[in-house]
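Take a look at the following structure, please.
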Protein chains: 2
Amino acid sequence: MTQEAYREMWENLNLDIAAHDGLLGVLGKFYGDIYMSQKGRLQGMEYLDFVLSEVHGLRIKELQDAKAQGRKIIGTFCVFVPEELALAVDAVQVGLCAGADAGKEAAETLVPRNTCALIKSFIGFKLARLCPYTESCDLIVGETTCDGKKKAYEAFSEHAPMYVMEVPQTKTESARALWKAEVLRYMARLEELTGRKVTAEKLAEAIKTVNARRRALQRLNRLRAAVPAPISGRDVLLINQVSFYDDPIRFTASINTLCDQLEERITAGEGVAPKDAPRVMLSGCPMAVPNWKLPYVIESSGAVIVGEESCIGTRNTRDLTDESGQTLEEMIDALCERYMKIDCACFTPNAERLDNVETMAKDLKVDGVIQYALMFCQPYAHEGIKVEKRLTAGGVPSMSLETDYSMEDIEQLKTRVEAFLETVK
Amino acid sequence: MTQEAYREMWENLNLDIAAHDGLLGVLGKFYGDIYMSQKGRLQGMEYLDFVLSEVHGLRIKELQDAKAQGRKIIGTFCVFVPEELALAVDAVQVGLCAGADAGKEAAETLVPRNTCALIKSFIGFKLARLCPYTESCDLIVGETTCDGKKKAYEAFSEHAPMYVMEVPQTKTESARALWKAEVLRYMARLEELTGRKVTAEKLAEAIKTVNARRRALQRLNRLRAAVPAPISGRDVLLINQVSFYDDPIRFTASINTLCDQLEERITAGEGVAPKDAPRVMLSGCPMAVPNWKLPYVIESSGAVIVGEESCIGTRNTRDLTDESGQTLEEMIDALCERYMKIDCACFTPNAERLDNVETMAKDLKVDGVIQYALMFCQPYAHEGIKVEKRLTAGGVPSMSLETDYSMEDIEQLKTRVEAFLETVK
């Protein structure tokens, strides 16, 4: 498809064409600097480069085609919204978390200044008419995982077709009952929206599709742990980011192909960084496209990132949904159970996250953990203090960084990261 | 009781005696400046002055006496924890919200810097060993009303006997079921702690006791609405603050006596401020003892505060518990229903609060509303934007202030408040 045809599509989506052109220009340059400049990348990454170059083009065209066929587009911000249900009614689910400073001033008319950059970004993209994903959505599904999002969705609902799921704050039996009721309420909403019924057959297929993607990403995470690291952390982060909006079946096949290449590389003893490069794990808040700032700072300081303990990372892929259910009821129970395993900081207590972080750091043989909190993200900032204590007690060096989407602190971050890396190796 | 005997009691409670002496000195001076300097106060306020002068003395002695009699002390931070249940097992419930900058540096080792002053204060008071209430508690009951408190309780639980109730985030049927389960779980915990059973008879009595206090405060709020205002907003705030830790029966009797005096004053056409003084309503975050900064700024600028739309204010007293239940089950249902009426910003949506704020502003014939948010309080900061829109649309002038417990911004607040008052009258 030509740029001219895309332009017409963007106009139909009511984007601010001039501002959007500017955004794509910046994004392209940013991607070139951070991604295309890497040496020794795998061939399989070309697929990701292509997907990203077409992030507002071909994939949006696919969404429009799906809509033309009567399929619905569901936007989400969180790993708690069960994609399996959307797939079971033939809808397309796309992640709407945003990772760039756009429309910030406009966003601050709807939400307080002391709101995290991720929230301001999705609101800003909407108000500035810059996001073709948001504009393509028939339903946008929020959740009550943090005060910032919970309250921002109220304001956002005046501008977009919002639906909010209540995620409980504990994992008691009563909280699980609430979650199941919310899953069923959402399922009914999807059925109403699409005019399709979730059947056992459709849901079983959807569970398999999403599990297959999780398995491919689990495989990737196992392989990247090799010494020397066969793939950069930036590239794995990009893969995780793309997993939220690409077609799941195509994506899974591509990642498995990439994993085949990784295996060859590992056999050959090749890596993207020297054997003795400091191995760093990132932990904390999600990094949405195109939030590549901190990974770039870390890897351009000579370290290699070998794990992302984050929603756009292992928090989204660690747990599979049990596939043994035969009836719709059994499958829904399996879904509920799977999502209640998520070790999000929205839960109290959330002891399993401490265990998971420590296990992951040890399994990946990291030299240090960098905890990343978006400024004003209270849940992860609080847990950061506990995670750091746990890691320190376990002999794993850890540092905490708080930042946002601006580029103003990049030199300061670099100084702190370099100082940390000197102490760990 | 002598100061010497109090000192022994404070030592037994493991307070930092020197720091505590300092605190009482500052508090006494602060109270003198803000409260005792007021002209035309009601005689009935002497009771409040006495209670406050004995806030760490006689009342703590009473708690120790209660403990010696085998009664338990329950500390709380939020209007969601049903005092009726504590009273039904002969326990004493006291509020632990704190309104002063103490132990802030110590608190910041447990919670992030970007945490509201109220949370840092209760943690700081504990870590600095300054609060005889906290030290007297057999159980401290938190709730999941905001991210800040929810996560702070995890850290706090390493220092105090914490128990946390899950407050849901919506008011759906499933959310109400969760709340009922939480009320029952808490009741069982209280029964276990005290070795006493909640019976229908005891709970009925407790419901009446707490309702009587609410009715007295409702009566106070109706009377204060007179023109000219017969009582200062500072004094009513103090009354609301004291309601959280004084004996409920004694407190109710004292407030009713005060209300009798108010009626006489209203009949005589007397007030604490001129008839044409700007009438201001405060709306937003709770103000815990001794957080009197903003009310002092407002009233010393010539306005009179005629309403507190806040947890330490009408949010705690607006709704009564239905008293018609005969069985324990019916009473518990009535309790659950009453607490689910609270229009806290923790809920999404929370449309009833917008209605309540607007109704209250109109009923009180206010000239303006000052919205008060503690810095980093995300729920009320978000709602502040919506409340301001609603009030503006309804023709009620409104301004929003964000502050904390430091005194550094007092001149700045004064300038902003004075500028606002000039526009409203």
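All chains are named by letter (A, B, ...) in the order of the sequence lines, taking the proteins before the strands, and each is independently numbered beginning at 1. Heavy atoms only: backbone and side chains are in, while hydrogens, waters and symmetry mates are out.
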Check whether B:A381 gets within reach of chain A through its side chain, its backbone, both or neither, counting any heavy atom under 4.5 Å.
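Contact with chain A is through both the backbone and side chain of B:A381.
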Kindly give the heavy-atom pair with the smallest separation between A:T109 and B:I385, and that separation in Å.
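The pair with the smallest heavy-atom distance is O-CG2, 3.7 Å.
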Residue part contacting chain A, namely of B:S157, when any heavy atom lies under 4.5 Å
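Contact with chain A involves no heavy atom of B:S157 at all.
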Step through the shown structure and confirm whether more than 12 heavy atoms of other residues, nucleotides or ligands are within 6.0 Å of CD on B:E352.
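Buried by this count: over 12 neighbours within 6.0 Å.
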What part of B:E402 gets closer than 4.5 Å to chain A, counting heavy atoms only: side chain, backbone, both or neither?
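Contact with chain A involves the side chain of B:E402 alone.
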Give a yes or no on whether the backbone of B:C146 and the side-chain of A:D147 come within a donor-acceptor separation of less than 3.5 Å.
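Not confirmed, A:D147 side chain does not pair with B:C146 backbone.
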Just how far is it from atom CD of B:Q169 to atom OG1 of A:T145, taken to the nearest 0.5 Å?
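Between atom CD of B:Q169 and atom OG1 of A:T145 there are 8.5 Å.
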Pick one of side chain, backbone, both or neither for B:Y153, based on which atoms fall under 4.5 Å of a heavy atom in chain A.
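It is neither, since no heavy atom gets under 4.5 Å.
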With a 4.5 angstrom heavy-atom cut-off, which part of B:A373 approaches chain A: side chain, backbone, both or neither?
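Answer is neither: B:A373 stays 4.5 Å or more from chain A.
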Once you round to the nearest 0.5 Å, how far does NE2 of B:H382 lie from NZ of A:K149?
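The NE2 atom of B:H382 sits 12.0 Å away from the NZ atom of A:K149.
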Does atom CD of B:E191 have more than 12 heavy-atom neighbours from other groups under 6.0 Å away?
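For B:E191, atom CD is crowded (more than 12 foreign heavy atoms under 6.0 Å).
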With a 4.5 Å cut-off on heavy-atom pairs, point out which of B:A181, B:A177, B:G384, B:C346 contacts chain A the most.
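Option with the top pair count is B:C346.
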Find the one option among A:S400, A:P349, A:G148 whose heavy-atom pairs under 4.5 Å with chain B are most numerous.
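Between A:S400, A:P349, A:G148, the count favours A:G148.
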Engaged part of A:A175 at the chain B interface, taking heavy atoms whose separation is under 4.5 Å
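When you check distances to chain B, atoms from both the backbone and side chain of A:A175 fall under 4.5 Å.
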Is there a side-chain contact between A:K150 and B:Q378, using heavy atoms and a 4.5 Å cut-off?
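A side-chain contact is absent here, since even the closest heavy-atom pair is not under 4.5 Å.
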Engaged part of B:K180 at the chain A interface, taking heavy atoms whose separation is under 4.5 Å
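No part of B:K180 comes within 4.5 Å of chain A.
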For A:K386, which atoms come within 4.5 Å of any heavy atom of chain B: side chain, backbone, both, or neither?
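Only the side chain of A:K386 comes within 4.5 Å of chain B.
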State whether the number of non-hydrogen atoms from other residues, nucleotides or ligands found under 6.0 Å of A:E108 atom CD is greater than 12.
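Atom CD in A:E108 is packed in, count exceeds 12.
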So if I apply the side chain to side chain donor-acceptor pair (under 3.5 Å) rule between A:T348 and each of B:K151, B:E154, B:E166, which one comes out positive?
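It is B:E154, the one option of B:K151, B:E154, B:E166 that forms the side chain to side chain donor-acceptor pair (under 3.5 Å) with A:T348.
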